[in-house]
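Notes to accompany the following structure.
Throughout, numbering of the chain's residues begins at 1 and tracks the sequence.
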Amino acid sequence: MNNTIYDVIIAGAGASGLICARECARGGLKTLVLEKEQTPGRKISVTGNGRCNLTNVRVSPAHYYGDEKLISSALAQFSYTDCRTYFEQLGVLLTEEENGRIFPQTGKSSAVLEPLKLAVLESGAEILPGQFVTKIKHGKTFNITTQTDQKFQARHVVLACGSCAYPQLGANSSGYELARALGHTVITPRPTLSGLVLKENFSRLSGIRAQVKLTADTTPAIHTCGEIIFTNYGINGPAALNASGAISRALSNGNVSIQLNFLPEISNAENFFNERLQQFPHRRPKDFFAGVLHESIANLLIDFKGLRKNKPMKEQFPSAVKSAFDTVGKWPATVTALRPWSEAMAATGGVNTREINYNTFESQCCPGLYITGELLDIDGQSGGFNLHFAWASGFTAAKDLVKEK
């Protein structure tokens, strides 16, 4: 039994846990981080394809799914400007790339993770790796037990254990179980920022990329624009990933209908095609769509709508022509699932945010307990938004903890 009573013990040395630890220790709190893996921050090291997309110029509640009040509060307390300044003060050189994404200038996630870990240790916080928290009991203090049967005490606890995403990096459901044991309800976690599995067979398009507007029949309806990549199971790519959070939630009620608009830059597709038909009436379908659609997509459309391949467009059945033109702008598909946890970058679901103080991230079920990051039922689109929320939630919790001192 470790007889030290810590001011704060943080379960999890991920993004929210590390920033929380540094700020708590800087504020004079005796702080300990218990991390189940031997290497802290492993998930930070793989974000952004190993380059660490740590925030985004466009950070705002519009890029998140979940409790808007909690999201807005966190982003108000740790904005894009705050985040950029924070890491620059740690000595990290940053650069802005397409769509407002912010990366370390070196192009390596270690340029973010290593300075952050150094800052945590230099602040006076302790990090104990290989300590998987298995039990937390709340009395006069929090009594914490790890898988090695080591026991710790703390006046406050922060659950920053992360979600089920990336099980290959050690992610599991332990954080949810700890939260439940301390009185919280957990909304069933589901993968997000993962490919969309479609009922329809698009395997003949596997590997083909297209710029689309994707509309999902969710409540409210979701519209995302960008690239999709066809796969043997359905679609992936930025437009699919950015819709996946809303789709993942909606899948709890059954399959989700989507539409793909292959002419997202054209405001009136019907007029566009009718004018094209006047211009090229003698072209066969394959030639008619040349320059508008990828050849393989055009061939699938021709087969799908029953256009006669060797007849000029002016000799096609008018109903088939109209249907083909409509389909280019509203190609229907059905999402039956998202790809599994091993391919998901984040999670929907988690601890019910109605049980969390919007301004502090303190539990309303268990005084002295704070819950941050991916454990909460909050998820963002791709582009650095999830990592930013992790920083923001950890920073906000620490600010309140220091204030309590």
Side-chain angles (χ1 to χ4, degrees), residues 43 46-50 53 65 99 163-169 171-173 188-219 221-264 293-305 327-350 374 379-383 385-386:
K43 193 168 179 182
V46 303
T47 59
N49 292 319
N53 181 188
Y65 302 108
N99 297 321
S163 71
C164 299
Y166 283 122
Q168 59 271 43
L169 298 181
N172 57 35
S173 62
T188 302
R190 295 174 178 272
T192 187
L193 293 186
S194 185
L196 307 181
V197 179
L198 300 181
K199 178 180 179 181
E200 296 78 12
N201 184 357
F202 286 95
S203 59
R204 64 190 271 191
L205 300 182
S206 185
I208 290 171
R209 300 167 182 262
Q211 293 292 323
V212 304
K213 178 180 179 180
L214 186 157
T215 300
D217 186 19
T218 54
T219 305
I222 294 297
H223 308 278
T224 62
C225 293
E227 185 180 71
I228 60 168
I229 305 167
F230 287 97
T231 68
N232 58 1
Y233 59 76
I235 55 173
N236 208 321
L241 295 178
N242 285 335
S244 64
I247 291 172
S248 185
R249 284 178 161 81
L251 281 168
S252 61
N253 296 317
N255 294 345
V256 177
S257 297
I258 64 171
Q259 295 178 338
L260 301 175
N261 178 357
F262 288 94
L263 299 177
L293 297 176
H294 186 287
E295 181 180 2
S296 296
I297 296 174
N299 286 337
L300 182 61
L301 175 69
I302 291 164
D303 291 343
F304 182 38
K305 305 316 299 183
T327 299
V328 174
K330 296 182 293 187
W331 197 310
T334 309
V335 182
T336 60
L338 265 69
R339 294 294 287 172
W341 285 115
S342 59
E343 298 178 29
M345 290 181 270
T348 67
E374 279 194 47
D379 59 284
Q381 297 179 344
S382 65
F385 299 105
N386 284 288

How long is the span from the [atom1] atom in [X] to the [atom2] atom in [Y], to the nearest 0.5 Å?
X: Q381; Y: N99; atom1: CD; atom2: CG; value: 11.0 Å
X: I208; Y: L293; atom1: CD1; atom2: CG; value: 11.0 Å
X: T192; Y: M345; atom1: OG1; atom2: CE; value: 8.5 Å

Practice task
Verify side chain to side chain contact (heavy atoms under 4.5 Å, CB included) between C164 and S173, making sure each step is shown before the conclusion.
Solution key: CA-CA 6 Å; C164 299; S173 62; 4.1 Å; yes
Backbone of [Y] reached by a side-chain donor or acceptor of [X] within 3.5 Å:
X: S248; Y: P191; answer: yes
X: Q168; Y: S342; answer: yes
X: N386; Y: G380; answer: yes

Suppose we screen for salt bridge (Lys or Arg N to Asp or Glu O under 4.0 Å). Which residues come up paired with [X], at least two apart in sequence or across chains?
X: E343; value: R339
X: R249; value: D377, D379
X: D303; value: R204, K309

Less than 4.5 Å apart, side chain to side chain, heavy atoms only: is that true for [X] and [Y]?
X: L214; Y: L260; answer: yes
X: W331; Y: I297; answer: yes
X: Y65; Y: T348; answer: no
X: N299; Y: L301; answer: no
X: I258; Y: I247; answer: yes

Taking distance alone, no hydrogens or angles, what donor-acceptor pairs closer than 3.5 Å link side-chain atoms of residues 230-243 to residues at least two apart or in another chain?
unit_1: T231; atom_1: OG1; unit_2: Y233; atom_2: N; d: 3.2
unit_1: T231; atom_1: OG1; unit_2: G234; atom_2: N; d: 2.9
unit_1: T231; atom_1: OG1; unit_2: G234; atom_2: O; d: 3.3
unit_1: Y233; atom_1: OH; unit_2: N236; atom_2: ND2; d: 3.0
unit_1: N242; atom_1: OD1; unit_2: S382; atom_2: N; d: 2.8
unit_1: N242; atom_1: OD1; unit_2: S382; atom_2: OG; d: 2.9
unit_1: N242; atom_1: ND2; unit_2: P238; atom_2: O; d: 3.4

Which atom of [X] lies closest to which atom of [Y], heavy atoms considered:
X: A165; Y: A171; answer: O-CB, 2.9 Å
X: P167; Y: W341; answer: CD-O, 3.5 Å
X: P264; Y: K213; answer: CB-N, 3.9 Å
X: S244; Y: L338; answer: CB-CD2, 3.7 Å
X: T327; Y: P332; answer: CG2-CD, 4.4 Å
X: A344; Y: S194; answer: CA-CB, 3.8 Å

Going by the rule side chain to side chain contact (heavy atoms under 4.5 Å, CB included), which residues pair with [X] if we only count those two or more places apart in sequence or in a different chain?
X: N255; value: T334, T336
X: S203; value: N201
X: A337; value: V197

Using the side chain to side chain donor-acceptor pair (under 3.5 Å) criterion, which residues pair with [X]? Sequence neighbours excluded.
X: T47; answer: none
X: K305; answer: S323
X: E295; answer: K286
X: T215; answer: H223

Problem - Full working for side chain to side chain contact (heavy atoms under 4.5 Å, CB included) between L263 and N261 - result: CA-CA 5 Å; L263 299 177; N261 178 357; 3.8 Å; yes
Exercise for the section: Give every residue pair that meets the salt bridge (charged side-chain N to carboxylate O under 4.0 Å, His left out) criterion with at least one member in residues 226-238, sequence neighbours excluded. Expected result: R209-E227
